[in-house]
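Remarks on the structure that follows.
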There are 2 protein chains.
Amino acid sequence: MQSHEAKRPRAPEVTQRERDDAVWRALADRNRREILDLLGGEPRTTGGLVDSFPHLSRTAVMKHLDVLERADLLIVRREGRVRWNQLNPIPIEQIHERWVAPHVRRMASALLRLKGQVEKKAAQKTRTKINPRRKR
Amino acid sequence: MQSHEAKRPRAPEVTQRERDDAVWRALADRNRREILDLLGGEPRTTGGLVDSFPHLSRTAVMKHLDVLERADLLIVRREGRVRWNQLNPIPIEQIHERWVAPHVRRMASALLRLKGQVEKKAAQKTRTKINPRRKR
DNA sequence: TTCATATGTCACCCAATGGTGACATATAAA
DNA sequence: TTTATATGTCACCATTGGGTGACATATGAA
């Protein structure tokens with residue numbers, strides 16, 4: 001029955017790898033990131049979003065919404081002639097966990113190691129000054 | 001003298017906004033993300049990296065390195081006829097802090113709120129079962 | 001019913017992107 | 001000095017991406 005999986009009708013031959021790629025590509029554009037920012041609070045209608053981007057045509061905004069929806073970053077609900085667009089933060093959380101966070105963690109631990117070394121060096125220097133030509 | 005700033009020779013009129021955009025665009029490509037993964041450990045020579053991507057031409061890899069360097073994700077050091085490429089994780093940490101983390105945090109707190117409501121509902125139901133038709 | 005509004009879709013344009021092979025240059029090794 | 005190796009650079013190609021206006025459709029309001 002796969003209710004909420006309607007978007008991948010018969011062959012979910014989309015690997016996680018491909019889904020992540022779609023997310024990264026969707027996030028590469030600043031306008032799309034700003035759309036997601038706007039949707040961070042509450043869902044908005046397409047028209048409402050269009051009004052928030054005066055420098056873009058309606059068609060352009062809808063294309064961006066399409067890209068976001070394909071990347072599964074959007075949950076779309078139709079209500080009469082209105083379309084409500086809601087942020088789906090899960091894919092963001094996923095690229096965070098799988099790629100961003102590991103790099104940030106690695107950087108943090110590298111900094112810690114470096115800090116330790118610098119402090120050791122500083123301590124040695126101090127010792128040398130106070131008591132020169134010591135054991136080593 | 002601006003030693004390490006040689007890449008922006010005279011007009012560093014690059015806003016932070018533009019720098020972030022460059023980082024996002026650089027990260028949008030899977031091959032480039034994999035290059036950064038490889039550089040997560042130790043620096044590598046260009047040739048070494050090329051060997052790690054058998055399905056890509058040397059020119060293609062160098063183009064990717066160029067994109068990464070422009071996004072300031074790479075620290076490049078030349079040594080004889082060899083070029084050492086090192087990861088600079090700072091821009092990653094920055095887009096993390098400015099964009100990814102806020103969204104992840106928002107999602108987390110939304111989940112918490114939701115959890116609280118569900119538990120309240122559940123508690124009410126239980127109470128109702130145990131002691132039906134109570135105050136409300 | 002008639003009309004205005006919200007959205008969907010199409011065809012087209014131009015710039016940017018990712019890829020290639022060929023050629024040029026500099027440096028370590030023989 | 002000659003030769004092999006590691007990079008740098010150029011010109012070119014095909015595809016994708018972001019943008020547009022014009023037209024089509026559906027639905028709430030008058």
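Order of the sequence lines fixes the chain letters, A, B, ..., with proteins taken first and strands second; residue numbering starts at 1 for each chain. FYI, side chains are in, hydrogens and waters are out, and symmetry mates aren't considered; it's all heavy atoms of this structure.
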Got a list of side-chain donor-acceptor pairs under 3.5 Å for residues 57-66 of chain A, not counting sequence neighbours?
unit_1, atom_1, unit_2, atom_2, d
A:S57, OG, A:A60, N, 3.1
A:H64, ND1, A:R32, NH1, 3.1
A:D66, OD2, A:R70, NE, 3.2
A:D66, OD2, A:R70, NH2, 3.1

field: Distance in Å, A:E69 CD paired with A:N85 CG, rounded so as to fall on 0.5 Å steps
entry: 8.0 Å
- line: Distance col, row A:R78:CZ vs A:T46:OG1, nearest 0.5 angstrom, shows 8.0 Å
- prompt: What are the bounds, 5' to 3', of the part of DNA chain D that sits under 4.0 Å from heavy atoms of chain A?
  reply: D:dG17 to D:dG28
message: I'd like to know if the side chain of A:E18 and the backbone of A:T15 have a donor-acceptor N/O pair within less than 3.5 Å.
response: yes
Hey, can you pull the donor-acceptor pairs under 3.5 Å for the side chains in residues 89-96 of chain A, sequence neighbours left out?
unit_1, atom_1, unit_2, atom_2, d
A:H96, NE2, B:H96, NE2, 3.2

query: With a 4.5 Å heavy-atom cut-off, do A:Q86 and A:N88 have their side chains touching?
result: no
- request: Report the residues that fulfil side chain to side chain contact (heavy atoms under 4.5 Å, CB included) with A:A71, sequence neighbours left out, ordered by chain and then residue number.
  value: A:A22, A:V23, A:A26, A:L73
- prompt: Of all residues at least two apart in sequence or in a different chain, which pass the side chain to side chain contact (heavy atoms under 4.5 Å, CB included) check with B:R30?
  reply: A:R17, A:D20, A:D21, B:R33, B:E34
query: Is there a residue in residues 20-36 of chain A whose heavy atoms reach under 4.0 Å of DNA chain D, and which residues are they?
result: A:R25, A:D29, A:N31, A:R32
query: What are the residues of residues 39-64 of chain B, sorted by number, that bring a heavy atom to within less than 4.0 Å of DNA chain D?
result: B:T45, B:T46, B:G47, B:R58, B:T59, B:M62
field: Pairs satisfying salt bridge (charged side-chain N to carboxylate O under 4.0 Å, His left out), at least one member in residues 99-110 of chain B, at least two apart
entry: B:E97-B:R105
Where do N or O atoms of nucleotides 27-30 of chain C meet protein N or O atoms at under 3.5 Å, pair by pair?
unit_1, atom_1, unit_2, atom_2, d
C:dT27, O2, B:R81, NH1, 3.3

Output a table of donor-acceptor pairs, distance under 3.5 Å, between side-chain atoms of residues 36-45 of chain B and any protein atom two or more places apart or on a different chain; print 'none' if there are none.
unit_1, atom_1, unit_2, atom_2, d
B:D37, OD1, A:W99, NE1, 3.0
B:D37, OD1, A:H103, NE2, 2.9
B:R44, NH1, B:S52, OG, 3.4
B:T45, OG1, B:G48, N, 2.9

statement: Connected to A:V82, directly or through other members, by ILVMFWY side-chain contacts below 4.5 Å are A:W84
query: Honestly curious: do A:L74 and A:V50 fall in one hydrophobic cluster under the side-chain, below-4.5 Å linking rule?
result: yes
